[in-house]
Amino acid sequence: MKRTLIKHALAAVEPLEAITVAGWVRTRRDAKGFSFLELNDGSCLGSLQAIVDAGVPGYADMAHCITGASAEVSGRLVPSPAAGQKWELQAARLRLLGKSDPSYPLQKKGHTLEFLRTIGHLRPRSNLFGAIFRTRSRLAYAVHTFFQERDFVYVHTPIITTSDCEGAGEMFRVTTLKGNIDDQGQADFFGRPAYLTVSGQLEAETFACALSNVYTFGPTFRAENSNTARHAAEFWMIEPEMAFCDLEGDMDLAEEFVKALARHALEECAEDLALFGKFVDKGLHDRLQFVVERPFQRVSYAEAVDILRASGKTFEYPVEYGLNLQSEHERYLTEQHFHSPVTVFNYPREIKPFYMRLNDDGKTVTAMDVLVPGIGEVIGGSQREERLDALLENLSYHKLRPEDYWWYVDLRKYGTVPHAGFGLGFERLLMFLTGVGNIRDVVPFARTPGSAEF
RNA sequence: UCCAGAGUAGCUCAAUGGUAGAGCAGCCGGCUGUUAACCGGCGGGUUAGAGGUUCGAGCCCUCUCUCUGGAGCCA
(Lines give C-alpha, C1' and ligand atoms only; values in the text may rest on other atoms or scores of the structure.)
Protein backbone atom coordinates (compact mmCIF):
# COMPACT_ATOMS: atom_id res chain seq x y z
CA MET A 1 0.00 0.00 0.00
CA LYS A 2 1.18 3.47 -0.86
CA ARG A 3 2.15 5.66 2.06
CA THR A 4 0.27 8.88 2.63
CA LEU A 5 2.18 11.83 4.06
CA ILE A 6 0.63 13.02 7.30
CA LYS A 7 0.52 16.49 5.82
CA HIS A 8 -1.87 15.24 3.17
CA ALA A 9 -3.91 13.13 5.58
CA LEU A 10 -4.48 16.14 7.84
CA ALA A 11 -5.52 18.24 4.86
CA ALA A 12 -8.18 15.73 3.77
CA VAL A 13 -11.58 17.13 2.78
CA GLU A 14 -13.45 13.88 3.25
CA PRO A 15 -12.95 10.58 5.09
CA LEU A 16 -10.54 8.16 3.43
CA GLU A 17 -11.25 4.44 3.43
CA ALA A 18 -7.80 2.93 3.46
CA ILE A 19 -4.58 4.81 3.97
CA THR A 20 -1.18 3.99 5.41
CA VAL A 21 0.92 6.50 7.29
CA ALA A 22 4.34 6.08 8.81
CA GLY A 23 6.35 8.19 11.17
CA TRP A 24 7.87 8.56 14.59
CA VAL A 25 5.85 8.27 17.76
CA ARG A 26 5.49 11.61 19.50
CA THR A 27 3.40 10.29 22.36
CA ARG A 28 1.13 7.42 23.29
CA ARG A 29 -1.81 7.40 25.67
CA ASP A 30 -3.37 4.11 26.66
CA ALA A 31 -7.08 3.75 27.31
CA LYS A 32 -9.24 0.80 28.22
CA GLY A 33 -8.96 -1.59 25.32
CA PHE A 34 -7.16 0.77 22.94
CA SER A 35 -4.35 3.30 22.61
CA PHE A 36 -3.93 6.79 21.19
CA LEU A 37 -0.77 6.90 19.10
CA GLU A 38 0.47 10.22 17.78
CA LEU A 39 2.65 9.95 14.71
CA ASN A 40 4.71 12.69 13.08
CA ASP A 41 6.57 12.23 9.80
CA GLY A 42 7.99 15.72 9.45
CA SER A 43 5.94 16.53 6.37
CA CYS A 44 4.22 19.20 8.42
CA LEU A 45 4.11 20.53 11.94
CA GLY A 46 1.09 18.53 13.01
CA SER A 47 0.90 14.91 14.10
CA LEU A 48 -1.80 12.41 13.25
CA GLN A 49 -3.60 10.67 16.10
CA ALA A 50 -4.22 7.00 15.48
CA ILE A 51 -6.76 5.00 17.46
CA VAL A 52 -5.44 1.47 17.81
CA ASP A 53 -7.89 -1.05 19.30
CA ALA A 54 -6.36 -3.85 21.32
CA GLY A 55 -7.56 -6.41 18.81
CA VAL A 56 -5.87 -5.10 15.66
CA PRO A 57 -2.92 -7.00 14.18
CA GLY A 58 0.31 -5.72 15.62
CA TYR A 59 -1.16 -4.38 18.85
CA ALA A 60 1.18 -6.66 20.80
CA ASP A 61 3.98 -4.27 19.81
CA MET A 62 2.18 -1.28 21.29
CA ALA A 63 4.30 -1.52 24.43
CA HIS A 64 7.32 -0.64 22.29
CA CYS A 65 5.62 2.35 20.67
CA ILE A 66 7.14 4.86 23.06
CA THR A 67 8.26 8.33 22.11
CA GLY A 68 10.85 8.14 19.36
CA ALA A 69 9.90 4.72 17.97
CA SER A 70 9.02 4.41 14.30
CA ALA A 71 5.79 2.78 13.20
CA GLU A 72 3.39 2.34 10.32
CA VAL A 73 -0.36 2.43 10.74
CA SER A 74 -3.00 1.50 8.17
CA GLY A 75 -6.64 2.23 8.55
CA ARG A 76 -9.55 4.61 7.93
CA LEU A 77 -9.20 8.37 8.19
CA VAL A 78 -12.32 9.52 10.01
CA PRO A 79 -13.52 12.74 11.64
CA SER A 80 -12.34 12.89 15.22
CA PRO A 81 -15.12 12.95 17.81
CA ALA A 82 -12.96 14.77 20.35
CA ALA A 83 -11.54 18.25 20.37
CA GLY A 84 -7.94 18.87 19.37
CA GLN A 85 -7.89 17.49 15.86
CA LYS A 86 -10.13 17.37 12.82
CA TRP A 87 -9.12 13.92 11.61
CA GLU A 88 -7.90 10.75 13.24
CA LEU A 89 -6.85 7.37 11.94
CA GLN A 90 -8.92 4.36 12.98
CA ALA A 91 -6.23 1.71 12.79
CA ALA A 92 -6.77 -1.64 11.11
CA ARG A 93 -3.15 -2.63 11.49
CA LEU A 94 -0.10 -1.50 13.43
CA ARG A 95 3.43 -2.27 12.37
CA LEU A 96 6.35 -1.39 14.64
CA LEU A 97 9.29 -0.49 12.41
CA GLY A 98 11.95 0.50 14.91
CA LYS A 99 11.95 0.40 18.69
CA SER A 100 13.23 3.39 20.58
CA ASP A 101 15.63 2.90 23.45
CA PRO A 102 14.25 4.33 26.71
CA SER A 103 17.21 6.73 26.65
CA TYR A 104 15.63 8.67 23.75
CA PRO A 105 16.54 12.23 24.71
CA LEU A 106 13.64 14.12 23.14
CA GLN A 107 10.78 14.49 25.55
CA LYS A 108 7.25 15.64 25.02
CA LYS A 109 8.00 18.75 27.00
CA GLY A 110 10.03 21.70 25.86
CA HIS A 111 13.80 21.58 25.63
CA THR A 112 16.32 24.37 25.64
CA LEU A 113 17.95 25.25 22.32
CA GLU A 114 21.35 24.65 23.93
CA PHE A 115 20.48 21.06 24.77
CA LEU A 116 19.00 20.43 21.33
CA ARG A 117 22.25 21.61 19.74
CA THR A 118 24.03 18.76 21.50
CA ILE A 119 21.72 16.26 19.77
CA GLY A 120 21.92 17.67 16.26
CA HIS A 121 21.07 14.28 14.79
CA LEU A 122 17.72 14.14 16.61
CA ARG A 123 16.65 17.75 16.88
CA PRO A 124 15.03 17.79 13.41
CA ARG A 125 12.39 15.56 15.01
CA SER A 126 11.34 18.36 17.33
CA ASN A 127 8.50 20.69 16.37
CA LEU A 128 10.67 23.78 16.30
CA PHE A 129 13.52 22.38 14.23
CA GLY A 130 11.19 20.59 11.86
CA ALA A 131 9.55 23.96 11.26
CA ILE A 132 12.87 25.74 10.85
CA PHE A 133 14.22 23.32 8.26
CA ARG A 134 10.99 23.08 6.31
CA THR A 135 11.06 26.88 6.15
CA ARG A 136 14.71 26.87 5.13
CA SER A 137 13.91 24.54 2.25
CA ARG A 138 10.99 26.59 1.01
CA LEU A 139 12.91 29.84 1.19
CA ALA A 140 15.87 28.33 -0.67
CA TYR A 141 13.42 27.41 -3.40
CA ALA A 142 11.99 30.94 -3.28
CA VAL A 143 15.48 32.37 -3.82
CA HIS A 144 15.75 30.51 -7.11
CA THR A 145 12.21 31.39 -8.11
CA PHE A 146 12.86 35.07 -7.48
CA PHE A 147 15.91 35.20 -9.73
CA GLN A 148 14.74 32.78 -12.39
CA GLU A 149 11.53 34.76 -12.85
CA ARG A 150 13.67 37.83 -13.47
CA ASP A 151 15.89 36.11 -16.06
CA PHE A 152 18.92 35.79 -13.82
CA VAL A 153 21.29 32.94 -14.69
CA TYR A 154 22.37 30.67 -11.85
CA VAL A 155 26.17 30.36 -11.83
CA HIS A 156 28.06 27.77 -9.79
CA THR A 157 31.13 29.72 -8.76
CA PRO A 158 34.01 27.63 -7.43
CA ILE A 159 34.17 26.50 -3.84
CA ILE A 160 37.92 26.01 -4.03
CA THR A 161 39.57 29.23 -5.12
CA THR A 162 42.99 30.81 -5.41
CA SER A 163 41.74 34.38 -5.37
CA ASP A 164 40.96 36.43 -2.30
CA CYS A 165 37.85 38.58 -2.36
CA GLU A 166 39.62 41.14 -0.22
CA GLY A 167 37.77 42.44 2.78
CA ALA A 168 35.57 39.41 3.09
CA GLY A 169 37.54 37.72 5.84
CA GLU A 170 40.01 35.00 6.78
CA MET A 171 40.21 31.96 4.49
CA PHE A 172 40.52 28.24 5.12
CA ARG A 173 43.54 26.75 3.35
CA VAL A 174 42.86 23.73 1.14
CA THR A 175 45.90 21.51 0.80
CA THR A 176 47.18 17.99 0.31
CA LEU A 177 50.55 18.91 1.80
CA LYS A 178 51.89 17.68 5.09
CA GLY A 179 54.24 19.44 7.46
CA ASN A 180 55.02 23.12 7.08
CA ILE A 181 52.73 24.05 4.19
CA ASP A 182 53.83 27.68 3.96
CA ASP A 183 57.23 26.78 2.51
CA GLN A 184 56.00 24.53 -0.29
CA GLY A 185 53.14 26.33 -2.05
CA GLN A 186 54.32 25.32 -5.54
CA ALA A 187 54.26 21.65 -4.62
CA ASP A 188 50.64 21.81 -3.59
CA PHE A 189 47.80 20.14 -5.46
CA PHE A 190 46.91 23.18 -7.54
CA GLY A 191 50.49 24.41 -7.92
CA ARG A 192 49.73 27.35 -5.67
CA PRO A 193 48.01 27.98 -2.35
CA ALA A 194 44.27 27.36 -2.56
CA TYR A 195 41.43 28.25 -0.22
CA LEU A 196 37.74 27.72 0.41
CA THR A 197 35.82 30.59 -1.10
CA VAL A 198 34.80 33.56 1.02
CA SER A 199 32.73 35.00 -1.81
CA GLY A 200 31.81 34.15 -5.38
CA GLN A 201 31.59 37.79 -6.31
CA LEU A 202 34.72 38.16 -8.47
CA GLU A 203 33.81 35.10 -10.51
CA ALA A 204 30.17 36.17 -10.67
CA GLU A 205 31.26 39.50 -12.14
CA THR A 206 32.89 37.71 -15.05
CA PHE A 207 29.64 35.93 -15.82
CA ALA A 208 27.58 39.10 -15.41
CA CYS A 209 29.90 40.64 -18.00
CA ALA A 210 28.73 37.96 -20.42
CA LEU A 211 25.23 36.83 -19.43
CA SER A 212 24.01 40.18 -18.02
CA ASN A 213 22.16 39.13 -14.87
CA VAL A 214 23.51 36.26 -12.80
CA TYR A 215 23.36 34.98 -9.25
CA THR A 216 25.17 32.49 -7.09
CA PHE A 217 23.75 30.57 -4.17
CA GLY A 218 26.15 28.26 -2.41
CA PRO A 219 28.33 27.48 0.56
CA THR A 220 30.79 30.10 1.74
CA PHE A 221 33.53 29.78 4.31
CA ARG A 222 35.10 32.18 6.77
CA ALA A 223 37.94 31.18 9.08
CA GLU A 224 37.37 34.07 11.47
CA ASN A 225 37.38 33.25 15.16
CA SER A 226 33.95 34.79 15.54
CA ASN A 227 31.91 33.65 18.50
CA THR A 228 28.55 35.28 18.08
CA ALA A 229 24.95 34.26 17.50
CA ARG A 230 25.15 35.44 13.87
CA HIS A 231 28.47 34.04 12.60
CA ALA A 232 29.26 30.59 11.27
CA ALA A 233 32.39 29.24 9.62
CA GLU A 234 30.28 27.66 6.87
CA PHE A 235 27.19 29.41 5.59
CA TRP A 236 25.22 29.89 2.40
CA MET A 237 25.44 33.12 0.51
CA ILE A 238 23.36 34.54 -2.29
CA GLU A 239 25.18 36.91 -4.64
CA PRO A 240 23.36 38.52 -7.56
CA GLU A 241 25.45 40.48 -10.03
CA MET A 242 23.92 42.71 -12.72
CA ALA A 243 25.54 44.21 -15.77
CA PHE A 244 24.34 47.64 -16.94
CA CYS A 245 23.23 48.42 -13.41
CA ASP A 246 24.14 51.18 -10.96
CA LEU A 247 23.90 51.52 -7.19
CA GLU A 248 20.29 52.65 -7.40
CA GLY A 249 19.29 49.50 -9.27
CA ASP A 250 21.31 47.44 -6.83
CA MET A 251 19.47 48.88 -3.84
CA ASP A 252 16.15 48.39 -5.61
CA LEU A 253 16.87 44.72 -6.19
CA ALA A 254 18.05 44.16 -2.61
CA GLU A 255 14.86 45.66 -1.24
CA GLU A 256 12.66 43.79 -3.67
CA PHE A 257 14.44 40.56 -2.79
CA VAL A 258 14.04 40.86 0.99
CA LYS A 259 10.39 41.80 0.55
CA ALA A 260 9.75 38.89 -1.80
CA LEU A 261 11.18 36.38 0.64
CA ALA A 262 9.26 37.87 3.55
CA ARG A 263 6.09 37.64 1.49
CA HIS A 264 6.90 34.08 0.53
CA ALA A 265 7.39 33.13 4.18
CA LEU A 266 4.07 34.70 5.16
CA GLU A 267 2.17 33.01 2.36
CA GLU A 268 3.85 29.62 2.00
CA CYS A 269 5.11 28.85 5.51
CA ALA A 270 2.16 30.09 7.53
CA GLU A 271 1.83 27.07 9.81
CA ASP A 272 5.51 26.96 10.73
CA LEU A 273 5.60 30.76 11.04
CA ALA A 274 2.75 30.59 13.53
CA LEU A 275 4.90 28.30 15.68
CA PHE A 276 7.78 30.79 15.58
CA GLY A 277 5.34 33.55 16.49
CA LYS A 278 4.15 31.55 19.48
CA PHE A 279 7.41 30.24 20.91
CA VAL A 280 10.28 32.23 19.40
CA ASP A 281 9.25 35.77 18.54
CA LYS A 282 5.79 37.11 19.40
CA GLY A 283 6.07 40.06 17.05
CA LEU A 284 7.24 38.07 14.05
CA HIS A 285 4.11 38.18 11.92
CA ASP A 286 3.60 41.93 12.34
CA ARG A 287 7.22 42.62 11.58
CA LEU A 288 7.18 40.63 8.36
CA GLN A 289 3.93 42.26 7.33
CA PHE A 290 5.55 45.62 7.96
CA VAL A 291 8.61 44.69 5.91
CA VAL A 292 6.45 43.60 3.00
CA GLU A 293 4.29 46.72 2.99
CA ARG A 294 6.61 49.61 3.77
CA PRO A 295 9.50 50.98 1.71
CA PHE A 296 12.95 50.60 3.23
CA GLN A 297 14.53 53.81 4.44
CA ARG A 298 17.56 54.95 2.46
CA VAL A 299 20.22 57.19 3.91
CA SER A 300 23.76 57.99 2.88
CA TYR A 301 26.55 57.16 5.29
CA ALA A 302 27.01 60.91 5.89
CA GLU A 303 23.32 61.31 6.72
CA ALA A 304 23.48 58.28 9.01
CA VAL A 305 26.38 59.85 10.89
CA ASP A 306 24.38 63.08 11.25
CA ILE A 307 21.35 61.17 12.57
CA LEU A 308 23.49 59.32 15.10
CA ARG A 309 25.16 62.52 16.23
CA ALA A 310 21.82 64.33 16.57
CA SER A 311 20.29 61.41 18.47
CA GLY A 312 21.64 62.61 21.79
CA LYS A 313 22.43 59.00 22.62
CA THR A 314 25.76 58.13 24.15
CA PHE A 315 27.33 55.25 22.26
CA GLU A 316 30.14 53.07 23.45
CA TYR A 317 32.02 53.67 20.20
CA PRO A 318 32.54 57.10 18.68
CA VAL A 319 30.43 58.32 15.77
CA GLU A 320 32.75 60.09 13.41
CA TYR A 321 32.90 60.48 9.66
CA GLY A 322 35.47 57.98 8.35
CA LEU A 323 34.88 55.37 11.03
CA ASN A 324 32.89 52.23 10.48
CA LEU A 325 29.39 52.08 11.84
CA GLN A 326 29.36 49.75 14.85
CA SER A 327 26.63 47.25 15.71
CA GLU A 328 25.18 49.63 18.26
CA HIS A 329 24.95 52.37 15.60
CA GLU A 330 23.33 50.11 13.07
CA ARG A 331 20.87 48.86 15.64
CA TYR A 332 19.95 52.40 16.64
CA LEU A 333 19.24 53.34 13.04
CA THR A 334 17.08 50.37 12.18
CA GLU A 335 15.49 49.61 15.55
CA GLN A 336 15.03 52.99 17.18
CA HIS A 337 15.27 55.75 14.61
CA PHE A 338 13.56 54.32 11.54
CA HIS A 339 11.81 51.26 13.01
CA SER A 340 12.26 49.55 9.66
CA PRO A 341 14.92 48.07 7.39
CA VAL A 342 17.43 50.72 6.36
CA THR A 343 19.75 50.87 3.38
CA VAL A 344 22.90 52.87 4.09
CA PHE A 345 24.96 53.86 1.02
CA ASN A 346 28.04 55.85 -0.09
CA TYR A 347 30.58 54.87 2.54
CA PRO A 348 34.04 56.46 2.92
CA ARG A 349 36.52 54.92 0.53
CA GLU A 350 39.06 53.99 3.19
CA ILE A 351 36.81 51.55 5.04
CA LYS A 352 35.62 49.60 1.98
CA PRO A 353 37.32 47.12 -0.41
CA PHE A 354 39.06 47.83 -3.69
CA TYR A 355 36.35 46.75 -6.11
CA MET A 356 33.79 49.38 -5.11
CA ARG A 357 33.22 52.23 -7.52
CA LEU A 358 34.66 55.58 -6.52
CA ASN A 359 32.10 58.39 -6.45
CA ASP A 360 32.71 61.75 -8.11
CA ASP A 361 33.49 63.32 -4.74
CA GLY A 362 36.65 61.20 -4.68
CA LYS A 363 36.00 60.36 -1.04
CA THR A 364 33.13 57.88 -1.00
CA VAL A 365 32.43 54.61 -2.77
CA THR A 366 29.17 53.12 -3.94
CA ALA A 367 28.79 50.68 -1.08
CA MET A 368 25.43 49.81 0.39
CA ASP A 369 24.41 47.82 3.44
CA VAL A 370 20.88 46.71 4.27
CA LEU A 371 20.26 46.71 8.01
CA VAL A 372 17.28 44.97 9.58
CA PRO A 373 15.95 45.13 13.12
CA GLY A 374 17.22 42.39 15.41
CA ILE A 375 19.97 41.15 13.11
CA GLY A 376 21.86 44.16 11.85
CA GLU A 377 23.62 43.82 8.51
CA VAL A 378 21.94 41.29 6.28
CA ILE A 379 23.14 42.51 2.88
CA GLY A 380 26.34 44.15 1.76
CA GLY A 381 26.81 45.27 -1.83
CA SER A 382 28.08 47.90 -4.21
CA GLN A 383 28.36 49.16 -7.73
CA ARG A 384 31.68 47.79 -8.98
CA GLU A 385 34.51 49.94 -10.28
CA GLU A 386 34.25 49.43 -14.05
CA ARG A 387 36.85 52.05 -15.13
CA LEU A 388 40.21 50.44 -15.76
CA ASP A 389 42.29 53.39 -14.54
CA ALA A 390 40.23 53.85 -11.43
CA LEU A 391 40.39 50.13 -10.60
CA LEU A 392 44.16 50.02 -10.97
CA GLU A 393 44.44 53.13 -8.83
CA ASN A 394 42.18 51.52 -6.22
CA LEU A 395 44.24 48.33 -6.16
CA SER A 396 47.36 50.28 -5.42
CA TYR A 397 45.46 52.40 -2.85
CA HIS A 398 44.67 49.13 -1.05
CA LYS A 399 48.23 47.86 -1.58
CA LEU A 400 47.15 44.95 -3.77
CA ARG A 401 49.01 43.65 -6.83
CA PRO A 402 47.11 43.99 -10.14
CA GLU A 403 48.73 40.80 -11.45
CA ASP A 404 46.97 38.82 -8.73
CA TYR A 405 43.69 40.06 -10.16
CA TRP A 406 44.66 39.98 -13.84
CA TRP A 407 41.50 38.34 -15.10
CA TYR A 408 39.36 40.65 -12.97
CA VAL A 409 41.20 43.62 -14.44
CA ASP A 410 40.75 42.19 -17.95
CA LEU A 411 36.98 42.64 -17.63
CA ARG A 412 37.66 46.38 -17.63
CA LYS A 413 39.92 46.10 -20.67
CA TYR A 414 37.50 44.29 -22.92
CA GLY A 415 34.12 45.94 -23.20
CA THR A 416 33.66 47.11 -19.65
CA VAL A 417 30.16 47.95 -18.41
CA PRO A 418 28.73 49.46 -15.26
CA HIS A 419 27.65 46.64 -13.00
CA ALA A 420 26.57 46.07 -9.44
CA GLY A 421 25.67 43.34 -7.02
CA PHE A 422 25.37 42.32 -3.41
CA GLY A 423 25.90 39.45 -1.03
CA LEU A 424 23.24 38.20 1.32
CA GLY A 425 23.80 35.67 4.10
CA PHE A 426 21.04 33.12 3.71
CA GLU A 427 21.14 32.14 7.39
CA ARG A 428 20.89 35.73 8.53
CA LEU A 429 17.86 36.16 6.35
CA LEU A 430 16.40 32.99 7.86
CA MET A 431 16.99 34.38 11.34
CA PHE A 432 15.17 37.52 10.34
CA LEU A 433 12.25 35.65 8.77
CA THR A 434 11.83 33.07 11.54
CA GLY A 435 12.78 35.15 14.57
CA VAL A 436 15.31 32.48 15.61
CA GLY A 437 18.05 34.29 17.49
CA ASN A 438 21.07 32.05 16.92
CA ILE A 439 22.56 31.17 13.54
CA ARG A 440 23.45 27.70 14.89
CA ASP A 441 19.74 26.94 14.97
CA VAL A 442 18.96 27.73 11.34
CA VAL A 443 21.85 25.58 10.01
CA PRO A 444 21.29 21.80 9.98
CA PHE A 445 24.78 21.15 11.34
CA ALA A 446 26.55 24.34 12.33
CA ARG A 447 30.28 24.81 12.00
CA THR A 448 31.66 27.32 14.46
CA PRO A 449 35.09 27.76 16.07
CA GLY A 450 35.86 24.64 18.08
CA SER A 451 32.69 22.89 16.97
CA ALA A 452 32.09 20.61 13.97
CA GLU A 453 30.22 17.66 15.48
CA PHE A 454 27.93 15.58 13.26
C1' U B 1 40.05 36.96 20.44
C1' C B 2 38.09 40.39 24.62
C1' C B 3 34.33 41.30 28.71
C1' A B 4 30.45 39.14 31.75
C1' G B 5 27.62 34.92 33.44
C1' A B 6 26.71 29.68 33.90
C1' G B 7 27.92 24.19 34.49
C1' U B 8 24.11 19.46 40.23
C1' A B 9 20.00 12.73 37.83
C1' G B 10 18.41 11.57 30.67
C1' C B 11 15.85 16.89 30.70
C1' U B 12 14.38 21.54 33.62
C1' C B 13 15.89 23.21 38.18
C1' A B 14 16.43 23.29 44.10
C1' A B 15 20.00 22.67 48.18
C1' U B 16 23.29 29.14 55.25
C1' G B 17 30.45 25.68 54.44
C1' G B 18 27.42 20.40 57.93
C1' U B 19 23.10 13.39 55.56
C1' A B 20 22.64 15.88 47.52
C1' G B 21 16.42 16.83 46.50
C1' A B 22 11.88 17.86 43.34
C1' G B 23 9.09 17.87 38.75
C1' C B 24 9.26 15.64 34.05
C1' A B 25 11.27 11.36 31.28
C1' G B 26 12.18 5.77 32.01
C1' C B 27 10.46 1.04 34.36
C1' C B 28 6.19 -1.56 37.22
C1' G B 29 0.98 -1.23 38.51
C1' G B 30 -3.94 1.35 38.38
C1' C B 31 -7.70 4.51 35.97
C1' U B 32 -9.54 7.02 31.85
C1' G B 33 -12.08 9.06 24.06
C1' U B 34 -7.10 10.69 25.65
C1' U B 35 -4.36 14.90 23.65
C1' A B 36 2.41 18.58 27.59
C1' A B 37 -3.49 13.02 30.32
C1' C B 38 -4.09 11.52 35.53
C1' C B 39 -2.97 8.43 40.38
C1' G B 40 0.54 5.10 43.19
C1' G B 41 5.36 2.71 43.44
C1' C B 42 10.67 1.84 41.84
C1' G B 43 15.48 2.72 39.90
C1' G B 44 18.56 6.87 38.73
C1' G B 45 24.60 11.26 40.95
C1' U B 46 32.83 11.11 40.16
C1' U B 47 27.73 18.12 41.75
C1' A B 48 32.14 19.64 34.09
C1' G B 49 37.69 18.23 35.14
C1' A B 50 42.28 18.95 38.09
C1' G B 51 44.37 21.04 42.31
C1' G B 52 43.95 23.98 46.94
C1' U B 53 41.76 26.13 51.80
C1' U B 54 38.91 23.69 55.86
C1' C B 55 37.50 19.12 61.16
C1' G B 56 34.12 19.17 56.94
C1' A B 57 33.32 21.89 50.00
C1' G B 58 27.88 21.38 45.20
C1' C B 59 28.90 26.13 47.88
C1' C B 60 35.26 29.51 49.15
C1' C B 61 40.25 30.00 46.07
C1' U B 62 43.45 28.74 41.45
C1' C B 63 43.85 26.60 36.65
C1' U B 64 41.55 23.97 32.48
C1' C B 65 37.28 22.63 29.47
C1' U B 66 32.37 23.52 27.65
C1' C B 67 28.09 26.50 27.01
C1' U B 68 25.35 31.27 27.06
C1' G B 69 25.00 36.70 26.49
C1' G B 70 27.57 41.07 24.74
C1' A B 71 31.78 43.17 21.76
C1' G B 72 35.30 42.98 17.60
C1' C B 73 35.63 40.89 12.48
C1' C B 74 31.56 40.19 8.84
C1' A B 75 27.13 37.94 5.69
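So you know, we letter chains A, B, ... as the sequences are listed, proteins then strands, and number each from 1.
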Nearest whole Å is fine: how far is [N] [atom2] from [X] [atom1]?
X      : N     : atom1 : atom2 : answer
A/L106 : B/U12 : CG    : C1'   : 14 Å
A/R331 : B/A71 : CZ    : C1'   : 12 Å
A/E330 : B/A71 : CD    : P     : 11 Å
A/N438 : B/C67 : CG    : C1'   : 11 Å
A/H329 : B/C73 : NE2   : P     : 11 Å

Would you indicate, yes or no, if [N] has its OP1 or OP2 atom less than 4.0 angstrom from a side-chain nitrogen or oxygen of [X]?
X      : N     : value
A/Q326 : B/C73 : yes
A/R117 : B/U68 : yes
A/N227 : B/G69 : no

Which whole number of Å gives the distance between the [atom1] atom of [N] and that of [M]?
N     : M     : atom1 : value
B/G17 : B/C2  : P     : 32 Å
B/A57 : B/U46 : C1'   : 15 Å
B/G49 : B/G10 : P     : 13 Å
B/U68 : B/U16 : C1'   : 28 Å

(request) Choose from B/U68, B/G72, B/C11 the nucleotide whose nearest atom is closest to any side-chain atom of A/S327. (result)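 Selected nucleotide (nearest to the side chain): B/G72.
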
(message) Quick check for you: among B/A37, B/C73, B/G69, whose closest atom lies nearest to any side-chain atom of A/T27?
(response)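 From the listed options, B/A37 comes nearest.
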
(message) Does either side chain, that of A/E72 or that of A/T20, offer a donor lying less than 3.5 Å from an acceptor on the other one?
(response)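 No, no side-chain donor-acceptor contact under 3.5 Å.
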
(message) Distance alone, cut at 3.5 Å: any donor-acceptor contact between the side chains of A/T364 and A/N359?
(response)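 Present: a donor and an acceptor within the cut-off.
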
(message) Between A/R138 and A/D272 (salt bridge meaning N to carboxylate O under 4.0 Å), is one present in this structure?
(response)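 A salt bridge is absent here (no side-chain N lies under 4.0 Å from a carboxylate O).
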
(request) Record whether the side chain of A/S226 comes under 3.5 Å of the base of B/C74 through a donor-acceptor pair of N or O atoms. (result)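 Flag unset: no donor-acceptor pair detected.
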
(request) Could you walk me through whether A/K352 and A/D369 pass salt bridge (charged side-chain N to carboxylate O under 4.0 Å, His left out), step by step? (result) CA-CA 11 Å; A/K352 289 294 179 183; A/D369 285 351; 3.7 Å; yes

Identify all pairs in which a protein N or O lies below 3.5 Å from an N or O of nucleotides 28-34 of chain B, and state each distance.
| residue | atom | partner | partner atom | Å |
| --- | --- | --- | --- | --- |
| B/U32 | N3 | A/D30 | O | 2.7 |
| B/U32 | O4 | A/D30 | O | 2.5 |
| B/U32 | O4 | A/A31 | N | 3.4 |
| B/G33 | N1 | A/E88 | OE2 | 2.7 |
| B/G33 | N2 | A/Q49 | NE2 | 3.3 |
| B/G33 | N2 | A/E88 | OE1 | 2.3 |
| B/G33 | N2 | A/E88 | OE2 | 3.2 |
| B/U34 | O2' | A/R29 | NE | 3.1 |
| B/U34 | O2 | A/R29 | NE | 2.6 |
| B/U34 | O2 | A/R29 | NH2 | 2.9 |
| B/U34 | N3 | A/Q49 | OE1 | 3.0 |
| B/U34 | N3 | A/Q49 | NE2 | 3.2 |
| B/U34 | O4 | A/Q49 | NE2 | 3.0 |
| B/U34 | O4 | A/Q85 | NE2 | 3.2 |

(message) According to side-chain hydrogen bond (donor to acceptor under 3.5 Å, both in side chains), does anything in residues 441-454 of chain A pair up with another residue at least two apart or in another chain? List the pairs.
(response)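 Every side-chain hydrogen bond (donor to acceptor under 3.5 Å, both in side chains) pair that includes a residue of residues 441-454 of chain A, provided the two are not neighbours, is A/R117-A/D441, A/R123-A/D441.
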
